[in-house]
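Worksheet: one structure, shown below.
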Number of protein chains: 2
Amino acid sequence: MTDERTANDQSPWMPFENRRRARDEKREAVLRMAVQVFLEQGYHRATLNEVAERLNITKPALYNYFRSKDEILFECWALGQEQVDDLIAVINRSRQSGLGKLRALVHAYAETMATDFGASLVRFDPRDLKPHNAEKVRAAKRGIDLTFRRYIAEGIADGSIKPCDPKLAAFAIAGSLNWIGHWYQRGGSLTPDAIADEFAIRLTDGLARRSVKKASAEAAPAPRTRKPTKGENR
Amino acid sequence: MTDERTANDQSPWMPFENRRRARDEKREAVLRMAVQVFLEQGYHRATLNEVAERLNITKPALYNYFRSKDEILFECWALGQEQVDDLIAVINRSRQSGLGKLRALVHAYAETMATDFGASLVRFDPRDLKPHNAEKVRAAKRGIDLTFRRYIAEGIADGSIKPCDPKLAAFAIAGSLNWIGHWYQRGGSLTPDAIADEFAIRLTDGLARRSVKKASAEAAPAPRTRKPTKGENR
DNA sequence: ACTTTTTGTTACCCGTGAGTAATATATGGG
DNA sequence: CCCATATATTACTCACGGGTAACAAAAAGT
């Protein structure tokens, strides 16, 4: 009989193996496992005991790296937020029409929603955080919303998007995207990339001056934006 | 000094007044207060003590009407679901194009999302329910999703909607609508009706064969569906 | 008026899981 | 080799809140 729950691939605490790793790597390992458990069971039903067990350690060991459960929750959220911030930064730096930026944002954001840390942005409840951190979350959400609105407004200004209320349009688009975090799960028939492609078109087609079908081969040939894993400035 | 927390308008248990009301009315009063508290604080942070207090009764009294906290949660959900079932039934009965039905659904569903019981459909976590009830929720959600897809498929068949993948289109639209339950709150600048109007257009315009702008005065003059409260046929 | 039933209260139980204290064991430097 | 520090463990505390038991007081039936 194989010993249960022994030696999870992901854990750096392989029972009697190389336990020497940088502190930050372990912290991150905790977060990766925590976000998984939190999403799987919901924050309140999830216990730190289980998070620890899955990492082959015990609960108090977690307190070497984090002060409280809600701090872990916050840091999970923060990692997801960081991804979004990065992706927005890239798009901001790019030179395209408002519509182009909007499409790029939709695509990248949709992909993020299909990751654990991305989903945590919309599936975790800020009310579980200390007021201090809840405020940061609130501000960040506001920032994302404003980004959507800005791209839309830019698009209206430069003529790539037909006039509409940026606020409601942003709500509609962001809502659609955020919801991905609630229904997507690995192993389904849709791949994140396929979802992102479809949404990038469907969600913006109603706004575009020229339908995407007619304007197939456009001037700007790169509507999608890849993560800046490497410092690629073309 | 006015006595604190005395005589909430909504409560049928006015401290020393008419305590005689039908059992079902009281059950419903509990649910109305519960859904409010659950939404306000989140199911896990909310306590039955507080729900009871706000009704001028004590926690054990609730157990005259419900067996457990999660049963209360479920019944809140069920009331919202009932609204949706009704509204779908009305639209099903109507004779319009697929696009017309879809627009009617979007409008009515959006309005529902702006109510407490409506929001509970998307803000409560089925995992808090007994498996028995969680299964009912799962089935109901599936039903709603299929309704969206059916209207879209109908629309494609009758030519009112341009060809697309009904599954993804339904996800996109429903996501947008469901998200309303997360951001809408009474007292904002948007009224539920205004939101519903805007969404009914914005979410379907990308799908329609003819943009709503061009096809303003159409054959079917009633794109919105009112609750059958009054028989108002303009 | 009396009993019975329904509905409410006060006082309690008790499982759970976050967080802590005391202690042990690696790890690494001198 | 020994001490200092970081990291982990075992064994505990303790607040919280769902749920129950025992009892009280209305309502309602007869």
Side-chain angles (χ1 to χ4, degrees), chain A residues 5-8 11-30 33-34 37-38 40-76 125 127-130 133, chain B residues 5 11-31 33-34 37-38 40-76 125 127-130 133:
Chain A
R5 192 173 315 280
T6 305
N8 281 11
S11 168
W13 281 276
M14 304 301 184
F16 279 92
E17 281 181 85
N18 59 342
R19 296 189 165 191
R20 61 213 67 180
R21 291 218 193 267
R23 184 181 173 85
D24 283 349
E25 267 185 64
K26 292 192 189 167
R27 256 182 83 97
E28 244 193 73
V30 171
M33 188 59 79
V37 175
F38 289 171
E40 187 178 312
Q41 321 196 349
Y43 178 69
H44 287 98
R45 276 173 303 279
T47 71
L48 291 188
N49 255 318
E50 172 146 6
V51 173
E53 257 178 44
R54 291 203 200 176
L55 289 164
N56 300 113
I57 56 174
T58 59
K59 178 177 60 171
L62 297 175
Y63 286 83
N64 277 320
Y65 303 99
F66 303 94
R67 268 202 278 274
S68 62
K69 191 185 183 188
D70 69 87
E71 184 179 310
I72 295 179
L73 186 73
F74 175 75
E75 302 244 1
C76 288
D125 189 337
R127 292 171 298 188
D128 288 321
L129 302 172
K130 299 223 182 6
N133 286 330
Chain B
R5 190 169 320 274
S11 170
W13 283 274
M14 305 302 185
F16 280 91
E17 280 180 86
N18 62 339
R19 295 190 167 191
R20 62 210 68 183
R21 292 225 190 257
R23 186 182 170 83
D24 283 350
E25 269 185 62
K26 292 191 189 167
R27 258 183 81 95
E28 243 193 74
V30 171
L31 293 178
M33 189 57 80
V37 176
F38 289 171
E40 188 179 310
Q41 319 195 349
Y43 177 70
H44 288 97
R45 277 172 302 279
T47 71
L48 292 188
N49 255 319
E50 171 144 8
V51 173
E53 258 178 46
R54 291 203 200 177
L55 289 164
N56 300 115
I57 56 175
T58 58
K59 178 179 60 173
L62 296 175
Y63 285 83
N64 278 320
Y65 304 99
F66 303 94
R67 269 204 275 275
S68 61
K69 191 186 183 188
D70 69 270
E71 183 179 312
I72 297 179
L73 186 72
F74 175 74
E75 303 244 0
C76 289
D125 189 337
R127 291 171 297 189
D128 287 322
L129 302 173
K130 298 218 183 6
N133 286 331

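The sequence lines fix the lettering, A, B, ..., with proteins before strands; numbering per chain opens at 1.
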Worksheet item: Does the side chain of A:Thr58 get closer than 4.0 angstrom to OP1 or OP2 of D:dA8 through an N or O atom?
Response: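 No, outside the criterion.
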Discussion item. Any side-chain N or O of B:Arg23 below 4.0 angstrom from OP1/OP2 of C:dT7?
Written reply: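 True: B:Arg23 side-chain N/O within range (under 4.0 Å) of C:dT7 OP1/OP2.
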Practice prompt. Could you list the residues that satisfy side chain to side chain contact (heavy atoms under 4.5 Å, CB included) with A:Asn64, not counting sequence neighbours?
Written response: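 Per chain and number, A:Asn64 pairs via side chain to side chain contact (heavy atoms under 4.5 Å, CB included) with no residue.
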If I take atom [atom1] in residue [X] and atom [atom2] in nucleotide [N], what distance separates them, rounded to the nearest angstrom?
X       : N      : atom1 : atom2 : answer
A:Glu50 : C:dT16 : CD    : P     : 14 Å
B:Asn64 : C:dT5  : CG    : C1'   : 12 Å
A:Gln41 : C:dT16 : CD    : C1'   : 14 Å
B:Lys26 : C:dT6  : NZ    : P     : 13 Å
B:Leu73 : D:dG18 : CG    : P     : 12 Å
A:Ile57 : D:dT10 : CD1   : C1'   : 15 Å
B:Leu62 : D:dT20 : CG    : P     : 13 Å
B:Glu53 : C:dG8  : CD    : P     : 16 Å

Discussion item. Angle between the two end axes of the helix from C:dA1-D:dT30 to C:dG30-D:dC1, five base pairs per end, rounded to 10 degrees?
Written reply: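 Terminal axis comparison yields 10°.
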Worksheet entry | ring pair (Phe, Tyr, Trp, His ring centres under 6.0 Å) partners for A:Tyr43, two or more places apart |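 Result, ring pair (Phe, Tyr, Trp, His ring centres under 6.0 Å) vs A:Tyr43: A:Phe38.
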Practice prompt. Go through the structure and list residues passing salt bridge (Lys or Arg N to Asp or Glu O under 4.0 Å) with B:Lys130, not counting sequence neighbours.
Written response: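 Salt bridge (Lys or Arg N to Asp or Glu O under 4.0 Å) check on B:Lys130 returns B:Asp70.
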Practice prompt. Heavy atoms only: give me the nearest B:Lys26-B:Tyr65 pair and the separation to one decimal.
Written response: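 Of all heavy-atom pairs spanning B:Lys26 and B:Tyr65, the closest is CD-OH, 3.2 Å.
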Worksheet item: Of the non-hydrogen atoms in A:Lys59 and A:Asn49, which two are nearest, and what is the gap between them?
Response: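 Scanning both residues completely, I find the closest heavy atoms to be CB-OD1, 3.7 Å.
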Fill in: Side-chain touch A:Ile72/A:Leu48, heavy atoms, less than 4.5 angstrom
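Counting from C-beta outward, A:Ile72 and A:Leu48 do come under 4.5 Å.
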Can you name the residues that form a side chain to side chain donor-acceptor pair (under 3.5 Å) with [X], not counting sequence neighbours?
X        : answer
A:Glu40  : A:Arg54
B:Asp125 : A:Arg45, B:Arg127
B:Glu28  : B:Arg32

If you restrict it to nitrogen or oxygen atoms, what contacts under 3.5 Å exist between nucleotides 17-24 of chain C and the protein, and what is each distance?
from	atom 1	to	atom 2	distance (Å)
C:dA18	OP1	A:Ala46	O	3.4
C:dA18	OP1	A:Lys69	NZ	3.1
C:dA18	OP2	A:Leu48	N	3.1
C:dA18	N7	A:Lys59	NZ	2.8
C:dG19	OP2	A:Tyr63	OH	3.0
C:dG19	OP2	A:Lys69	N	2.7
C:dG19	O5'	A:Tyr63	OH	3.4
C:dG19	N7	A:Lys59	NZ	3.1
C:dG19	O6	A:Lys59	NZ	3.1

